[in-house]
Peer 1: 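The structure is given below, and queries will be raised subsequently.
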Amino acid sequence: MSSEIALEIEKIRAQVEAAVAEGATLESLNDCRVAVFGKKGAMTGLQRMLGKLSAAERPEAGKIINAAKTELTAKLDAAIEKCERAALTAAEMRDRIDVTQPASGRPLGGFHPVVQVMMDVLEVLEGLGFVTVQGPEVETDFYNFEALNIPPHHPARDMQDTFYFGDGRLLRTHTSGMQVHSMLEMGAPLRIACPGRVYRRDNDPTHSPMFHQVEGLIVDKDISVGDLKGCLEAMMEGIFGKKLKARYRASYFPFTEPSLEVDIECFKCSGSDPHCQICKGTGWLEIGGMGIVHPNVLRYGGIDPEKYTGFAWGMGLDRIAMLKYGLTDLRALFDGDVSYLLSGRHE
Ligand code: DAH
């Protein structure tokens, strides 16, 4: 009987050895495991045969079967583990990232020059406690002109300068209309900055029918031209990245008294280059108008000019963007040619 068992064990061993030979797959190994050690497997059958042996034969036969079982299970397990490891390595090789490969290029982008300058200005103003407000581009005559003390016969109201709608409304010609809107809405004291598009009937290389301004307005007690200068110089430093001298010239706007126009020192040559492309050799760049708010404008805004004073300014952002980035054609700012728009970035 025990020789029968020994024979059977040899058969099983041959079966397992054939299964673990070179070229085994996980599937074939698992099939072999079921065929040998499964419920109906050959090894399980052998264990069952033990019961039929005599009590004398049983211990010896049991030992032999157990030893074979341990040996063949270990063989099969080792082969399965090897196969699993090989599968894992193959998957890792397939999914590996080659860190020496060049990276795919990042697309180059940037803000539009006008947007960049607008963000620079607003960042400075927000730091000084200004609130950014947006106003309507389609405006009434009242806010755009009348409330700013611009009399009916003023040339700015001319059809030549302003785009009117049939109903008497108009495309705002400046962001100054937000002065009285804001005073009526917020009262005094206030600090607002209003960036946005404005429109005029102009069209040549240095004028576009649509352009951008930032309006600034402070209404408070004890305001002076000194405050105005401080704000302006901080804004210029925010835009051009360095302190620039400013020059103030007496001017006239119906909504301010006194009125000033401001020039800043040429950020390129500081006046040292008679052939400078930016300042045309003058050493100065004109950037905007400003002044102490006219008492009539405060009154239109519901603010008592005996108690409060205001100062205001308006700057053209397109011109400043062109100066900063060395761009020469104002209308091309709005053509959408990205290489032109970004051409001044890397100077
Ligand atoms: N609104 C003026 C313009 O478009 C600019 C301006 C000048 C705005 C003086 C102001 C100011 O607030 O005080 O030309």
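Start at 1 and go down the list; that is how both ligands and their atoms are numbered.
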Peer 1: Side chain or backbone of Met315 under 4.0 Å from ligand 1, or both, or neither, by non-hydrogen atoms?
Peer 2: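 Looking at Met315 and ligand 1, no heavy atom falls under 4.0 Å.
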Peer 1: Would Phe211 and His174 count as a close aromatic pair, with their ring centres under 6.0 Å?
Peer 2: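 No - the distance between ring centres of Phe211 and His174 does not fall below the 6.0 Å cut-off.
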Peer 1: Mark yes or no: Lys69 above the aromatic ring of Phe37, with NZ or CZ under 6.0 Å from the six-membered ring centre and no more than 45 degrees from the axis.
Peer 2: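 No.
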Peer 1: Mark up the atoms of ligand 1 that fall under 4.0 Å of a heavy atom belonging to Phe253, in ascending order.
Peer 2: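 Within the 4.0 Å cut-off of Phe253, ligand 1 contributes 7 (C), 9 (C).
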Peer 1: Mark yes or no: Lys229 above the aromatic ring of Tyr248, with NZ or CZ under 6.0 Å from the six-membered ring centre and no more than 45 degrees from the axis.
Peer 2: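 The answer is yes, since Lys229 meets both limits relative to Tyr248.
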Peer 1: Going by the order shown, which atoms of ligand 1 are within less than 4.0 Å of some heavy atom of Gly291?
Peer 2: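 Result: 13 (O).
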Peer 1: Using a heavy-atom cut-off of under 4.0 Å, does the side chain or the backbone of Met290 touch ligand 1, or both, or neither?
Peer 2: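 Just the backbone.
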Peer 1: Is Thr173 close to ligand 1, meaning an N/O of one under 3.5 Å from an N/O of the other?
Peer 2: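 No, since none of the N or O atoms of Thr173 sits under 3.5 Å from an N or O of ligand 1.
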Peer 1: To the nearest 0.1 Å, how far is atom 11 (C) of ligand 1 from its closest protein heavy atom, and which atom is that?
Peer 2: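 So the nearest neighbour among protein heavy atoms is Phe255 CE1, 3.5 Å.
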Peer 1: Decide yes or no for Met210 and Val198: does some side-chain heavy atom of the first lie under 4.5 Å from some side-chain heavy atom of the second?
Peer 2: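 With C-beta onward as the side chain, the pair stays apart.
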Peer 1: Evaluating non-hydrogen atoms only, which member of Gly314, Ser176, Gly316 is closest to atom 1 (N) of ligand 1?
Peer 2: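 Going through Gly314, Ser176, Gly316 one by one, Ser176 has the nearest heavy atom to atom 1 (N) of ligand 1.
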Peer 1: Would you confirm whether the ring centroid of His181 sits within less than 6.0 angstrom of the ring centroid of Tyr143?
Peer 2: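 They qualify: ring centres under 6.0 Å apart.
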Peer 1: Please confirm whether the ring centroid of Trp313 lies under 6.0 Å from the ring centroid of Phe130.
Peer 2: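 Centroid distance Trp313-Phe130: below 6.0 Å, so yes.
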Peer 1: Looking just at side-chain N and O atoms, do Tyr199 and Glu137 make a donor-acceptor pair shorter than 3.5 Å?
Peer 2: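 Side-chain D/A pair, Tyr199 to Glu137: present.
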Peer 1: Checking a contact table here: which protein heavy atom is nearest atom 12 (O) of ligand 1, and how many Å away?
Peer 2: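 For atom 12 (O) of ligand 1, the nearest protein heavy atom comes out as Glu215 OE2, 2.6 Å.
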Peer 1: Can Arg172 be said to touch ligand 1, with heavy atoms closer than 4.0 Å?
Peer 2: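 Checking ligand 1 against Arg172, which is what was asked, there is no heavy-atom contact under 4.0 Å.
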Peer 1: Is it true that Asn203 and Arg331 share a donor-acceptor pair across their side chains at a distance under 3.5 Å?
Peer 2: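 Asn203 and Arg331 do have a side-chain donor-acceptor pair below 3.5 Å.
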Peer 1: Once you restrict to heavy atoms under 4.0 Å, what part of Phe311 touches ligand 1? Side chain, backbone, both or neither.
Peer 2: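 Neither part.
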Peer 1: Counting each atom of ligand 1 from 1 as listed, which ones have a heavy atom of Gln179 under 4.0 Å away?
Peer 2: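 That gives atoms 12 (O) of ligand 1.
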Peer 1: I'd like to check which ligand 1 atoms, numbered from 1 as shown, lie under 4.0 Å from a non-hydrogen atom of Thr256.
Peer 2: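 In order of numbering, the contacting atoms are 13 (O).
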Peer 1: Which protein heavy atom lies closest to atom 3 (C) of ligand 1, and at what distance to 0.1 Å?
Peer 2: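 The closest one turns out to be Arg200 NH2, 3.6 Å.
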Peer 1: Please check if any side-chain donor atom of Ser54 sits under 3.5 Å from a side-chain acceptor atom of Glu57, or the reverse.
Peer 2: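 There is such a pair between these side chains.
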